[in-house]
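Because the structure is a prediction, the values reported are computed rather than measured.
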Amino acid sequence: MTTTSIFCGVILILIGLIGYLYGSSQGSGSPTALIPAAFGLVLLLCGVIGGMKEGLRKHAMHVAVAVALLGFIMIVSRLAMQFSSMTMSAAVISQIAMAIVCLIFVLAGVSSFARARSERLKT
């Protein structure tokens, strides 16, 4: 799960940086384009911490899944509020990409937690 956290973190960082650089090149760059990068940085750090310290892995992965869930809910609610007037802009594409990455990570995390629990109950 730590590798998945690092991978998803890097993807979110890239989404944020690409969105910001694209907006800047178009003359409409906004620091809010870096929101996916901020969430990605947290996932990346949680993955690194979980990989370095065996005793912290469970806690780090729970934090990572909670952050990804928060990111997913935040983006989906924002997209839902804009749905009637939404145009397929770079910002919307970035938000959709972030929501997808966060959702995939949350689902992978929940699946991993369930597997770990069933393994623990077997022993």
Side-chain angles (χ1 to χ4, degrees):
M1 191 67 202
T2 57
T3 305
T4 307
S5 181
I6 292 169
F7 178 74
C8 288
V10 169
I11 296 296
L12 288 172
I13 290 169
L14 288 173
I15 290 169
L17 290 176
I18 291 168
Y20 181 75
L21 294 173
Y22 176 79
S24 294
S25 72
Q26 300 297 312
S28 60
S30 171
T32 59
L34 294 171
I35 290 172
F39 278 83
L41 183 60
V42 174
L43 293 185
L44 178 68
L45 290 174
C46 286
V48 169
I49 290 168
M52 288 173 46
K53 302 247 184 202
E54 180 72 28
L56 293 178
R57 182 173 40 204
K58 180 179 175 181
H59 301 297
M61 292 303 96
H62 279 86
V63 168
V65 169
V67 167
L69 180 60
L70 178 66
F72 175 75
I73 291 170
M74 181 183 79
I75 294 299
V76 168
S77 64
R78 182 178 171 131
L79 288 172
M81 287 189 291
Q82 300 173 348
F83 190 74
S84 62
S85 63
M86 188 184 321
T87 59
M88 201 52 76
S89 65
V92 171
I93 292 169
S94 176
Q95 291 172 13
I96 291 170
M98 178 180 169
I100 290 169
V101 172
C102 286
L103 179 61
I104 288 170
F105 183 74
V106 168
L107 294 175
V110 169
S111 174
S112 174
F113 297 160
R115 269 193 317 275
R117 181 169 173 83
S118 69
E119 290 294 320
R120 212 173 45 241
L121 292 175
K122 287 180 184 177
T123 57

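- Take His59 and apply the ring pair (Phe, Tyr, Trp, His ring centres under 6.0 Å) test, not counting sequence neighbours, and it matches no residue.
- The nearest pair of heavy atoms linking Ser112 to Met1 is CB-SD, 3.8 Å.
- Identified under the salt bridge (charged side-chain N to carboxylate O under 4.0 Å, His left out) test for residues 55-74, with sequence neighbours left out: Glu54-Arg57.
- With sequence neighbours left out, the side-chain contact (heavy atoms from CB on, under 4.5 Å) criterion links Thr32 to Ser30, Ile35.
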Test side chain to side chain contact (heavy atoms under 4.5 Å, CB included) applied to Thr4 and Cys8, step by step = CA-CA 6 Å; Thr4 307; Cys8 288; 4.2 Å; yes
Listing, residues 94-106 side-chain donor-acceptor contacts under 3.5 Å, not counting sequence neighbours, or none:
none

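- Connection of Leu21 to Ile11 is not established within any shared hydrophobic cluster, with ILVMFWY side chains joined at heavy-atom distances below 4.5 Å, either directly or through further cluster members.
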Pairs of donor and acceptor atoms involving the side chains of residues 66-82, under 3.5 Å and at least two apart or interchain, shall be tabulated with distances.
{"unit_1": "Ser77", "atom_1": "OG", "unit_2": "Ile73", "atom_2": "O", "d": "3.0"}
{"unit_1": "Ser77", "atom_1": "OG", "unit_2": "Met74", "atom_2": "O", "d": "2.9"}

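- Between the CE atom in Met61 and the CG atom in Leu56 there is a gap of 10.0 Å [rounded to 0.5 Å].
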List the atom pairs, donor and acceptor, that lie under 3.5 Å between side-chain atoms in residues 36-53 and the rest of the protein, sequence neighbours left out.
none

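- Residue pairs that meet the ring-ring contact (aromatic ring centres under 6.0 Å, His included) test with at least one member in residues 2-26, sequence neighbours left out, do not exist here.
- Ile18 and Ile15 fall into different hydrophobic clusters, defined by Ile, Leu, Val, Met, Phe, Trp and Tyr side-chain heavy atoms under 4.5 Å apart, directly or through other members.
- Pairs of residues two or more places apart, or lying in two chains, that qualify as side-chain hydrogen bond (donor to acceptor under 3.5 Å, both in side chains) and include a residue from residues 98-111 are Ser111-Arg115.
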